[in-house]
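Beneath this line is the structure, given in structure tokens, with notes to follow.
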Amino acid sequence: MSKKDKVFTVKVRRDFCKGCGLCIEFCKKEVLGVSAKLNRMGYNPAEPVKPEACIGCMMCAQVCPDMAIEVYSG
Amino acid sequence: MSKKDKVFTVKVRRDFCKGCGLCIEFCKKEVLGVSAKLNRMGYNPAEPVKPEACIGCMMCAQVCPDMAIEVYSG
Amino acid sequence: MIVKTLCAGSGGQGVMTLANIMGNAAMFQGFHSTYLPAYGAAMRGGTANCTLTIADEEIASPVASAPDIVVALNQPSAVVFINRLVPGGKLIYDSSVAEEIPERLDIDVFSIPASDIAIELGGVRSANMVMLGAFAKLAGVPSHEAIFTSLEYLMGKKKKLVEISRQAVIRGTEYFS
Amino acid sequence: MIVKTLCAGSGGQGVMTLANIMGNAAMFQGFHSTYLPAYGAAMRGGTANCTLTIADEEIASPVASAPDIVVALNQPSAVVFINRLVPGGKLIYDSSVAEEIPERLDIDVFSIPASDIAIELGGVRSANMVMLGAFAKLAGVPSHEAIFTSLEYLMGKKKKLVEISRQAVIRGTEYFS
Amino acid sequence: MDKVFTSGNHCIAEAAIRAGCRCYFGYPITPQNELGEYMAANMRKVGGVFLQSESETAAINMVIGAASTGTRVMTSSSSPGVSLKQEGLSFLAGFEFPAVIVNMMRGGPGLGNIAPAQGDYFQSTRGGGHGDYRTPVLAPASVQELADLTVKAFELADTYRTPILLLGDGMMGQMKEPVVFPKPITDLPEKPWALKGRGEGASRYQASLILDGLAMERHNWKLVRKYKEMAEKETLCELYMMDDADFAVVAYGTTARIAKGAIKRARKEGFKVGLVRPVTLFPFPDKILQKVAYQVKNFLVFEMSTGQMLEDVKLALGGNQVEVEFHGRPGGVIPTPIEFSRVIHRYYRRMLK
Amino acid sequence: MDKVFTSGNHCIAEAAIRAGCRCYFGYPITPQNELGEYMAANMRKVGGVFLQSESETAAINMVIGAASTGTRVMTSSSSPGVSLKQEGLSFLAGFEFPAVIVNMMRGGPGLGNIAPAQGDYFQSTRGGGHGDYRTPVLAPASVQELADLTVKAFELADTYRTPILLLGDGMMGQMKEPVVFPKPITDLPEKPWALKGRGEGASRYQASLILDGLAMERHNWKLVRKYKEMAEKETLCELYMMDDADFAVVAYGTTARIAKGAIKRARKEGFKVGLVRPVTLFPFPDKILQKVAYQVKNFLVFEMSTGQMLEDVKLALGGNQVEVEFHGRPGGVIPTPIEFSRVIHRYYRRMLK
Amino acid sequence: MELINNWPKYYKKDVVSHYCPGCGHGIVHRIVAELLEEMDLGKQAYLVCPAGCAVLAYNYFDFDVIESAHGRGTAIATGAKRAKPGLFVISYQGDGDLSAIGTAETIHSANRGENICVVFINNAVYGMTGGQMAPTSLIGQSTTTSPVGRNPEVDGYPLHITDVVANFPGVTYAERVSVSSPAAIKKTKKAIRNAFQTQVEGLGYSIVEVLSPCPTNWKMTPVQSCKWIDEEMVKEYKPGLLTDRREERRKEKS
Amino acid sequence: MELINNWPKYYKKDVVSHYCPGCGHGIVHRIVAELLEEMDLGKQAYLVCPAGCAVLAYNYFDFDVIESAHGRGTAIATGAKRAKPGLFVISYQGDGDLSAIGTAETIHSANRGENICVVFINNAVYGMTGGQMAPTSLIGQSTTTSPVGRNPEVDGYPLHITDVVANFPGVTYAERVSVSSPAAIKKTKKAIRNAFQTQVEGLGYSIVEVLSPCPTNWKMTPVQSCKWIDEEMVKEYKPGLLTDRREERRKEKS
Ligand SMILES: Cc1ncc(C[n+]2csc(CCOP(=O)(O)OP(=O)(O)O)c2C)c(N)n1
Ligand SMILES: Cc1ncc(C[n+]2csc(CCOP(=O)(O)OP(=O)(O)O)c2C)c(N)n1
Ligand code: SF4
Ligand code: SF4
Ligand code: SF4
Ligand code: SF4
């Protein structure tokens with residue numbers, strides 16, 4: 001199975017996210033957006049808004065300063 | 001009177017001289033030499049050995065770290 | 001008379017401004033007042049708190065191990081600081097943002113939808129001024145005049161801001177009339 | 001028994017070596033000994049001096065405010081340090097290089113043409129060893145054996161130097177026999 | 001209205017400018033950053049110099065440079081930064097240059113933390129640098145006093161030609177209180193010793209190297225005489241509720257504030273407790289303590305340290321037959337008046353037995 | 001023949017190497033240059049590290065680095081240079097890292113001079129750095145003792161996990177005396193706390209920042225307990241001619257040597273004078289002094305300073321009804337035995353009246 | 001479903017850092033932890049963390065860490081590496097730390113060619129103490145101690161410390177990178193890998209300067225901060241390789 | 001008969017310095033004194049003398065002098081100049097002073113472009129303390145702390161501090177000269193004159209590095225020392241103008 005055919009899922013570890021928005025900015029596929037609900041630390045975390053668009057490019061995980069992004073394949 | 005015609009006299013302030021020998025080394029006209037007698041500080045100071053050869057080039061005074069050289073004109 | 005108040009909220013909510021205005025106001029009214037911010041690493045992560053003391057005599061310690069009043073601008077602050085209140089103390093919180101407050105039977109709890117009121121007045125940013133008004137009312141000090149003098153002294157040229165703040169303070173005060 | 005000696009001379013004359021050999025020798029002979037050099041800025045400008053103490057008991061202070069002996073390797077040293085001697089003390093100086101010695105009636109003055117003797121032996125550099133011999137003789141300590149042990153210990157491999165030094169020491173000693 | 005509600009750090013800066021301070025050199029460190037920031041915003045407005053140095057070491061040496069020209073000059077820092085200034089402080093004291101050094105202490109040793117603490121008492125009063133010198137130390141306990149003592153520090157510095165330490169902590173620096181600032185000082189004393197270029201006169205130099213031991217010794221004794229003179233003339237100490245006291249707390253700065261709160265509580269319980277608050281830590285108010293010792297036989301020293309001023313209290317009262325107890329909360333713990341009133345309670349009861 | 005006639009500075013270096021010291025970091029300064037020079041010539045021969053650092057500040061931090069790995073490490077300097085190490089010393093003490101720091105004191109404050117002096121007593125015993133810490137201080141008075149105490153310094157440092165100061169002066173460093181060196185130590189203690197890479201185990205860290213005030217406070221009291229334990233077990237003090245004495249001189253290091261000379265003279269005049277020589281300055285031999293105070297009521301403290309150890313003597317004897325007098329020659333003057341015997345004479349006669 | 005980006009082995013499990021939202025420290029921390037894992041250096045790693053925002057790095061890194069006095073990272077690193085050459089020694093420092101108070105230690109450790117790696121986070125301010133001017137602050141940049149903007153006439157010029165040390169013969173590898181975008185982050189990782197490799201091979205001193213956002217003190221959003229790096233900061237501090245003497249050194253060694 | 005080389009006005013009358021025979025400090029002292037006279041700057045001159053052989057310079061200079069703690073000359077100079085811009089401020093320093101313990105002060109005063117002059121005597125050793133290795137010591141040079149010769153592997157490389165600061169935008173004038181011959185001395189005087197002129201015009205920081213003999217610690221005769229400078233030292237430290245931004249600055253100012 002080539003990478004292209006793979007299915008990727010991005011998850012945000014809500015309580016690790018500080019809502020910096022970098023993942024949202026750098027995700028070319030606009031997978032991510034801001035959650036309306038505050039997390040435990042009082043931030044509006046990122047959340048997948050177009051999960052199906054994820055191509056597993058890992059840009060979001062690369063820029064996330066807080067290791068709040070998990071990318072799954074399959 | 002042009003500089004050439006001038007007469008120059010070099011003197012060593014004996015008790016200022018530490019006998020480093022730099023003036024002796026750098027005097028192109030070999031005007032200076034080492035005195036056999038110690039000075040008050042216990043050094044063998046420089047002294048003019050060929051006073052008449054002095055051309056007032058001031059090399060000795062330039063290199064003397066101890067302002068022990070006096071050059072007179074006339 | 002000596003009233004020790006702990007004001008707390010998250011970074012941008014203007015807790016420090018609130019306390020500073022109150023401290024100034026108390027001074028203008030001739031009271032003794034001290035203001036002690038928590039600073040440094042404790043500030044990181046978005047929470048801010050400070051202690052304000054108003055008294056009619058020399059204030060010994062500016063620290064409040066057991067404050068008389070807690071002014072909480074958000075939920076975490078209310079949760080954390082409710083435990084520090086003296087028995088018989090008062091908790092005032094912004095019910096627009098804080099939902100669940102732990103139970104404690106030996107204190108009085110006052111809620112005010114400060115953020116909602118502020119939004120009504122033109123912007124959530126003056127929620128702290130609504131809280132200020134409520135706080136002043138419950139504390140009994142300082143006077144409205146002193147607070148307004150203080151507002152003008154501190155915000156000076158920003159006439160519009162002064163006006164909004166004034167109204168917010170009044171709304172806060174009236175809420176508990 | 002305690003003998004305090006001040007040794008002085010100009011930079012390259014080997015005053016420190018002299019005293020160091022003596023200090024070692026005294027140790028080898030089982031005496032207590034201390035050696036204290038003057039150091040730092042005081043050294044600049046070509047003079048060097050140090051204090052050597054030899055005793056048969058623990059030596060309290062290694063400083064000699066009033067030495068028993070002054071060993072002067074040049075004229076300025078003799079002139080400066082003669083005043084420090086205890087009444088009854090001894091001044092030994094190298095008469096080959098020092099000419100005028102101030103008068104002091106309450107001490108004994110010994111002169112020895114150490115540099116001349118050294119030159120005779122092959123080089124002015126061992127003038128200090130001639131002085132050492134003279135000094136040991138007048139001090140009464142340490143023994144020749146100890147001095148020679150010390151010489152060998154310190155100069156070790158330089159056999160020729162040891163030999164010349166040995167002879168110089170002997171000449172110095174004999175001078176006052 | 002000439003009262004302003006301001007923080008300790010800002011207050012020192014403003015008071016310094018009013019005292020004629022025209023140079024400030026410093027390096028950031030919590031909990032005194034606001035002091036430098038105030039200087040950054042305001043010093044250049046009065047034609048003065050604000051310079052953030054590359055380090056505390058550089059700052060104290062810039063202070064030496066400015067002080068040598070006769071300019072009123074200040075630097076400020078907190079514990080680790082002040083350690084880095086120790087060599088410079090020794091030089092300043094040796095040069096006999098006037099300067100004001102602020103230390104807003106924090107918990108230590110090492111990086112420690114930024115909470116209020118009083119662990120630098122020894123360093124401040126004994127001279128943490130090398131050699132026989134001391135630095136007079138002022139320890140304010142309110143923002144108003146910060147203003148007043150800042151001005152006083154500059155005056156003392158000039159009068160006695162010595163660096164002066166202003167010793168506070170994070171609480172003193174961060175808290176706000178009403179303050180009445182003194183009028184700006186315009187008449188500064190002449191400093192004939194300052195280096196301003198020889199001009200038409202003779203050249204001068206300020207040497208720190210004194211190779212002649214006897215000259216250095218004379219210089220050291222001269223410093224001792226100066227400190228003695230200051231001890232006679234400049235010692236400051238507050239007595240609080242001491243009139244009828246039979247038990248005295250000794251505390252300075254922040255702990256004195258807390259002690260006052262505790263004493264109020266203790267008084268309510270009927271304990272005749274008072275406070276002796278040294279305002280100058282060096283010179284230390286020995287004489288005042290000794291006078292107190294006629295009346296009071298039980299002393300309780302209270303510090304946010306493991307016991308440093310304690311030694312000065314013991315030294316002052318060594319000859320008197322008194323009890324000296326100690327309660328310490330070192331390392332950045334802010335003790336509460338309640339806690340301390342309990343401690344007073346305990347020792348007071350013990351005394352009664 | 002296992003005796004060698006060697007200078008104090010060389011002796012410390014050789015003793016350190018024999019004690020297993022394998023890192024030396026330092027910066028030149030008179031009067032201790034020979035120590036570093038000896039290390040330069042000999043350390044690399046035993047596979048150790050000699051590094052001339054860019055400054056004293058860097059040196060003490062290199063010491064921290066080496067100490068953190070469990071290596072026996074030393075630095076040396078003299079007064080101004082030691083002032084620059086104060087921040088680092090505070091860190092070392094806070095980290096509880098073993099290390100040996102040599103201070104060959106010179107006249108100060110400031111650049112001062114390079115003659116023997118004892119003006120850094122306060123700095124050494126009170127911690128010239130910031131925060132609640134102390135450094136144990138050893139003060140040898142002969143070259144043999146320099147060797148012995150150097151070895152001891154490394155042992156104490158490891159046992160108690162603390163920096164140890166070896167305090168001498170130019171005289172101690174420059175003078176030569178016969179010395180018998182100890183055998184090289186090969187069995188060094190395990191240091192489970194050292195950072196050596198986590199390997200297969202758990203990671204560890206050595207933090208200096210302790211943000212939690214209560215944790216910092218616990219740490220500070222832990223240090224105090226350690227110093228108390230050292231006071232009980234490790235205090236060293238020499239009593240010289242004290243058996244029948246009715247008058248005691250108190251002096252350490254170089255001044256103790258001079259005092260011995262003076263006491264010998266005084267004894268010849270029939271004065272029953274003895275010497276109490278603290279060998280550890282911190283912990284200070286309070287108890288021994290207090291015991292002496294049963295027998296002797298007149299003490300004369302003798303220092304090459306304006307009076308620093310004097311405070312410790314007074315603190316130790318505060319409760320006892322004794323007289324404590326002081327004679328000081330600060331700033332790089334080497335007093336003579338004759339001079340000091342006259343001083344003894346004066347005070348002794350006064351006592352007799 | 002399989003997690004692709006595993007939690008790095010040498011980063012403590014499930015801790016949330018104290019850094020502000022969007023702070024570059026977090027990114028560089030992750031890179032360091034990942035590389036120690038990839039290069040199998042975690043077991044002998046010894047990291048010096050600075051006085052600065054990264055002061056608590058030991059709460060995150062799961063290998064041996066020591067804290068330095070402000071500015072003294074490379075002196076501690078020197079002491080540790082010289083004492084135990086088997087350690088893999090990293091000095092992690094901020095710009096205030098490395099280029100102000102630590103200038104002498106930086107210059108001399110580099111000039112001595114100590115066999116250590118320096119990770120240098122340049123955020124053009126003093127972060128931890130609340131945003132004062134740093135030697136690296138840009139001309140015109142306003143900070144709490146340059147309220148009207150840095151003025152070279154009185155405040156001096158931005159200091160290019162990495163360029164300075166890159167010229168030293170003792171410095172084997174020096175590069176300037178940034179973390180303002182995924183692409184930049186990739187380069188950063190590569191640069192730090194090269195630096196680490198330099199030490200592993202015993203080739204001498206390496207330093208990687210990372211232009212890193214401090215949204216809090218720049219008073220910008222994290223996204224604006226990245227833009228500011230790319231648009232303003234790189235004008236003063238041009239990213240790129242400054243020195244690579246690895247080949248040369250390898251030859252010398254063999 | 002008329003004396004041509006008058007005793008400089010700003011050099012104390014008839015004192016003999018403590019310097020060793022053939023030491024370069026004496027030559028540079030004379031040059032400084034002569035220039036202050038020629039440029040009429042003696043009245044407002046303020047010189048910082050270092051901890052180093054020149055520590056007693058105030059015994060010779062007949063204008064205002066202050067002594068610095070080791071390495072802090074430019075910090076003191078900065079403080080004095082900022083406090084009283086009317087002073088003509090010189091920091092006179094040795095190589096240990098300026099490039100070891102004083103590195104941070106050197107770098108930052110230069111980078112700030114302080115309007116001061118630095119006279120930097122590089123004799124490749126610590127003279128005053130008896131000839132230890134300095135950051136400037138040559139490779140292979142044996143000193144009391146590099147007894148088998150400086151080995152870059154353990155002792156690091158000769159530090160070219162003047163070249164470092166010459167690159168800073170705040171540095172207006174930087175030149176390296178020597179005093180190993182009459183011709184070199186002439187150049188030295190010219191360089192120091194240019195440096196002085198830079199400050200007089202308010203153009204910023206200037207530094208002149210003087211390669212200077214230390215016969216005592218080099219264990220050579222004075223004449224050998226001059227040869228050693230010309231043959232060995234100049235290979236590492238090439239004399240010449242390093243920076244001259246005076247024109248540029250003059251334009252900026254007008
Ligand atoms: C000796 C000393 N001086 C000052 C400080 C205060 N301090 C801590 S971190 C810091 C600056 C941090 O800035 P930087 O190094 O740029 O790192 P950042 O916080 O921006 O990551 C300062 C000034 C200190 N801890 N110790
Ligand atoms: C803090 C401090 N460390 C060390 C010294 C000792 N010291 C005085 S001068 C000097 C070095 C002098 O060398 P350099 O600067 O090259 O000048 P030179 O003597 O060669 O002219 C040293 C290490 C000191 N006085 N202060
Ligand atoms: S980059 Fe990370 S911390 Fe920032 S918003 Fe995205 S998930 Fe949250
Ligand atoms: S140069 Fe000067 S000091 Fe040297 S020998 Fe000649 S006169 Fe004497
Ligand atoms: S202040 Fe700046 S550097 Fe510090 S944690 Fe926040 S963003 Fe990061
Ligand atoms: S030691 Fe060297 S530099 Fe110093 S005075 Fe002597 S020759 Fe000159």
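Both backbone and side-chain heavy atoms feed into the values below; hydrogens, waters and symmetry mates do not. Note that this is a predicted model, so its numbers are computed, not measured.
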Distance check, rounded to the nearest 0.5 Å: Lys85(E) atom NZ versus Ser83(F) atom OG? 14.5 Å
Option that, when pairs with chain F are counted at under 4.5 Å, heavy atom only, ranks first among Gly318(E), Ser79(E), Gly332(E), Gly94(E): Ser79(E)
In this structure, CZ of Arg126(E) is separated from OH of Tyr121(F) (nearest 0.5 Å) by 11.0 Å
Below 4.5 Å from any heavy atom of chain E, which atoms of Leu223(F) appear? Answer side chain, backbone, both or neither. side chain
Best-contacting candidate, Ala115(F), Gly129(F), Ala207(F), against chain E by heavy atom pairs under 4.5 angstrom: Gly129(F)
Rounded to the nearest 0.5 angstrom, the CG-CG distance for Asn113(E) and Asp212(F) is 8.5 Å
Where on Val224(F) is there a heavy atom nearer than 4.5 Å to chain E: the side chain, the backbone, both, or neither? side chain
Considering only heavy atoms and a distance below 4.5 Å, find which of Gly307(F), Ala117(F), Gly128(F) pairs most often with chain E. Gly128(F)
Taking atom OG1 of Thr57(E) and atom CG of Leu84(F), what is their separation to the nearest 0.5 Å? 6.5 Å
Between Pro80(E), Gly119(E), Gly331(E), Gly319(E), which shows the greatest number of heavy-atom pairs under 4.5 Å with chain F? Pro80(E)
To the nearest 0.5 Å, what is the distance between CG (Leu315(E)) and NZ (Lys314(F))? 7.0 Å
Which residues in residues 104-112 of chain E have any heavy atom lying under 4.5 Å from a heavy atom of chain F? Gly108(E), Pro109(E), Gly110(E), Leu111(E), Gly112(E)
Between Gly81(E), Ser90(E), Pro330(E), which residue shows the highest count of heavy-atom pairs closer than 4.5 Å to chain F? Pro330(E)
Heavy-atom distances under 4.5 Å only: say whether Arg218(F) touches chain E with side chain, backbone, both or neither. neither
I need the minimum non-hydrogen distance between Trp221(F) and Gly328(E), along with the two atoms involved. CZ2-O, 3.3 Å
Flag the pair His130(E) / Val82(F) as yes when at least one side-chain heavy-atom distance between them is below 4.5 Å, and no otherwise. no
Return the option, out of Leu214(F), Leu317(F), Asn103(F), Leu209(F), with the maximum number of heavy-atom pairs under 4.5 Å with chain E. Leu209(F)
Engaged part of Gln118(F) at the chain E interface, taking heavy atoms whose separation is under 4.5 Å: neither
Assess, by modelled atom type and distance only, whether the side chains of Asp132(F) and Thr306(E) contain a donor and an acceptor separated by less than 3.5 Å. yes
Could you tell me whether the side chain of Asn220(E) reaches within less than 4.5 Å of the side chain of Arg329(F), counting heavy atoms only? no
